[in-house]
Trainee: 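Pasting a structure here, questions to come.
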Amino acid sequence: STVGNILGENAHQYAADTRERVLQAVEALGDRSHGGAKSLRRQTSMQVGVLIRNTAERPLQYLAAYEVILGANLRLEAEGYLVSLVRIGDVTRAAEGRSRAFHEVLLDGMLVMATIPAEVLEQVERLWPRCVWIDHNLRRSEGCIHRDEAEAGRLAGRAVREAGYRRAVWLAYEGTDCHYSIADRRRGLGEQLGSGVECIDAPLPPVATWDAAWTRLGPLLRPDTAVV
């Protein structure tokens with residue numbers, strides 16, 4: 001019908017005055033289109049999930065995700081999609097408390113923010129062939145978005161050199177499961193410092209043993225030393 005087409009995806013086929021009359025009538029009647037019915041007809045939910053690292057116990061763990069979520073929502077909303085947040089803790093908990101996104105057909109795709117456990121990664125790839133990995137350790141030719149962390153390291157190195165420091169202490173976690181940003185930043189820092197500034201690696205231990213780390217760090221600190 002004309003009303004259905006204008007409220008659906010074919011409004012562009014009608015004249016502006018016809019669209020306006022239909023929309024005014026719909027508003028006067030207090031009518032709204034039924035999203036569930038549209039989903040059944042289209043065989044698509046028009047919803048995209050965003051999997052974030054936050055848990056119920058640590059709700060503020062990954063604040064950097066906020067701006068990315070806003071940007072994704074802005075772009076997807078323009079295409080008629082809704083964004084649904086899925087917390088990593090809701091995926092790994094017991095079956096009766098798990099996110100509906102993982103045991104119901106609700107989402108057309110998933111955006112994954114940052115690194116997630118391997119077992120969750122396998123579930124995501126199995127359930128959503130259309131998946132985008134954002135700021136994740138995965139390195140693939142498509143479907144992966146990374147920040148230029150090496151450039152961040154170069155900017156830090158440039159600031160160290162311009163400030164006149166002769167040494168730089170690099171503080172960062174180490175290990176095979178660390179986020180890609182650590183290695184990329186260290187590489188960029190080294191490129192910028194070159195041979196003119198000595199760079200000393202000072203790996204950070206687990207949080208529980210930081211007191212000992214600060215004790216070891218003390219002798220490295222001098223007026224000519226920057227800490228990155």
Trainee: May I ask whether V50 and V68 are part of the same hydrophobic cluster, defined by side-chain heavy atoms of I, L, V, M, F, W, Y residues being less than 4.5 angstrom apart, directly or through others?
Mentor: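 V50 and V68: one cluster.
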Trainee: Report the C-alpha separation of W133 and L111 in whole Å, then their side-chain angles, then the decisive distance to 0.1 Å, and conclude whether the side-chain contact (heavy atoms from CB on, under 4.5 Å) test is met.
Mentor: CA-CA 6 Å; W133 306 88; L111 309 180; over 6 Å; no
Trainee: Check whether L155 and L171 end up in the same hydrophobic cluster, where Ile, Leu, Val, Met, Phe, Trp and Tyr are linked by side-chain heavy atoms less than 4.5 Å apart.
Mentor: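 No; L171 is not reachable from L155 via cluster members.
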Trainee: Could you state the interatomic distance from CD (E122) to CG (L127), rounded to the nearest 0.5 Å?
Mentor: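 E122 atom CD to L127 atom CG measures 11.5 Å (nearest 0.5 Å).
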Trainee: For a quick test of reading the model, state the closest non-hydrogen atom pair linking G157 to Q192 and the distance between them.
Mentor: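 Reported closest heavy-atom pair: C-CG, 3.4 Å.
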Trainee: Would you say the side chain of L107 lies within less than 4.5 Å of the side chain of W128, judging by non-hydrogen atoms?
Mentor: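 Contact flag for W128/L107 side chains = yes.
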Trainee: Checking side-chain polar atoms at under 3.5 Å, does Y180 have a donor or acceptor matched by the opposite partner on D135?
Mentor: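 Indeed, the side chains of Y180 and D135 share at least one donor-acceptor pair under 3.5 Å.
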Trainee: Compare all side-chain heavy atoms of S84 with those of V48 and state whether any distance is below 4.5 angstrom.
Mentor: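 Not touching, per the 4.5 Å side-chain cut-off.
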Trainee: Ignoring hydrogens and angles, tell me if any N or O in the side chain of R161 forms a donor-acceptor pair with the backbone of L193 under 3.5 Å.
Mentor: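 Pair found, side chain donor or acceptor close to backbone of L193.
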Trainee: When rounded to the nearest 0.5 angstrom, what is the spacing between CZ in R167 and SG in C199?
Mentor: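 Reported to 0.5 Å precision, the distance equals 10.5 Å.
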Trainee: Check R185 against A152 and note the closest heavy-atom contact, atom names and distance.
Mentor: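 Shortest heavy-atom contact: CG-CB, 4.5 Å.
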Trainee: May I ask whether V112 and L70 are part of the same hydrophobic cluster, defined by side-chain heavy atoms of I, L, V, M, F, W, Y residues being less than 4.5 angstrom apart, directly or through others?
Mentor: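 Hydrophobic grouping puts V112 apart from L70.
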Trainee: Please answer: with hydrophobic residues joined when any side-chain heavy atoms are less than 4.5 Å apart, are L106 and L82 in the same cluster?
Mentor: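 No, it is not one cluster - the side chains of L106 and L82 are not joined through contacts under 4.5 Å.
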Trainee: Checking side-chain contact (heavy atoms from CB on, under 4.5 Å) for the pair I182/Y173: CA distance, chi angles, key distance, verdict?
Mentor: CA-CA 8 Å; I182 295 177; Y173 296 106; 4.1 Å; yes
Trainee: Determine, for R158 against E162, whether the closest basic-nitrogen to carboxylate-oxygen distance falls under 4.0 angstrom.
Mentor: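 Not counted as a salt bridge, because no side-chain N and carboxylate O are separated by less than 4.0 Å.
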Trainee: Would you say that L121 contacts Q123 through its side chain, given a criterion of any heavy-atom pair below 4.5 Å between the two side chains?
Mentor: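 They are not in contact (no side-chain heavy atoms under 4.5 Å apart), so the answer is no.
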Trainee: Are R140 and E125 ion-paired here, with the side-chain N under 4.0 Å from a carboxylate O?
Mentor: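 Looking at R140 and E125, the cut-off is met.
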Trainee: How about R147: does its CZ atom have over 12 heavy atoms from other parts shown lying under 6.0 Å from it?
Mentor: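 Yes, enclosed.
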Trainee: Compare every heavy atom of W170 with every heavy atom of L189, then report the nearest pair and how far apart it is.
Mentor: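 Looks like CD2-CE3, 3.7 Å.
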Trainee: Is there a side-chain contact between V169 and V228, using heavy atoms and a 4.5 Å cut-off?
Mentor: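 V169 does not reach V228 side chain to side chain.
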Trainee: Is the shortest side-chain N to carboxylate O distance from E191 to R187 below 4.0 Å?
Mentor: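 Counted as a salt bridge, because a side-chain N and a carboxylate O are separated by less than 4.0 Å.
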Trainee: Identify which one of I88, I134, L85 satisfies the side chain to side chain contact (heavy atoms under 4.5 Å, CB included) criterion when paired with M113.
Mentor: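 Among I88, I134, L85, the one meeting side chain to side chain contact (heavy atoms under 4.5 Å, CB included) with M113 is I134.
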Trainee: Take H136 and I116 through the side-chain contact (heavy atoms from CB on, under 4.5 Å) test and state the conclusion after the steps.
Mentor: CA-CA 8 Å; H136 195 282; I116 59 176; 3.9 Å; yes
Trainee: With a 4.5 Å heavy-atom cut-off, do Y81 and D108 have their side chains touching?
Mentor: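 In contact.
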Trainee: List the steps, then state whether side-chain contact (heavy atoms from CB on, under 4.5 Å) holds for L220 with T225.
Mentor: CA-CA 8 Å; L220 298 175; T225 302; 5.8 Å; no
Trainee: With the side chain counted from C-beta on, respond yes when I52 and V86 share a heavy-atom pair under 4.5 Å apart, and no when they do not.
Mentor: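 Not in contact.
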Trainee: To the nearest 0.5 Å, what is the distance between CG (D148) and OG (S181)?
Mentor: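 Atom-to-atom, D148:CG and S181:OG are 12.0 Å apart.
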Trainee: Answer yes when D184 and R139 have at least one side-chain N-carboxylate O distance shorter than 4.0 Å, and no when they do not.
Mentor: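 Salt bridge flag = yes for R139 with D184.
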Trainee: Please give me the minimum heavy-atom distance between L138 and H146, naming the atom from each residue.
Mentor: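 Nearest pair, atom of L138 first, then H146: O-NE2, 2.8 Å.
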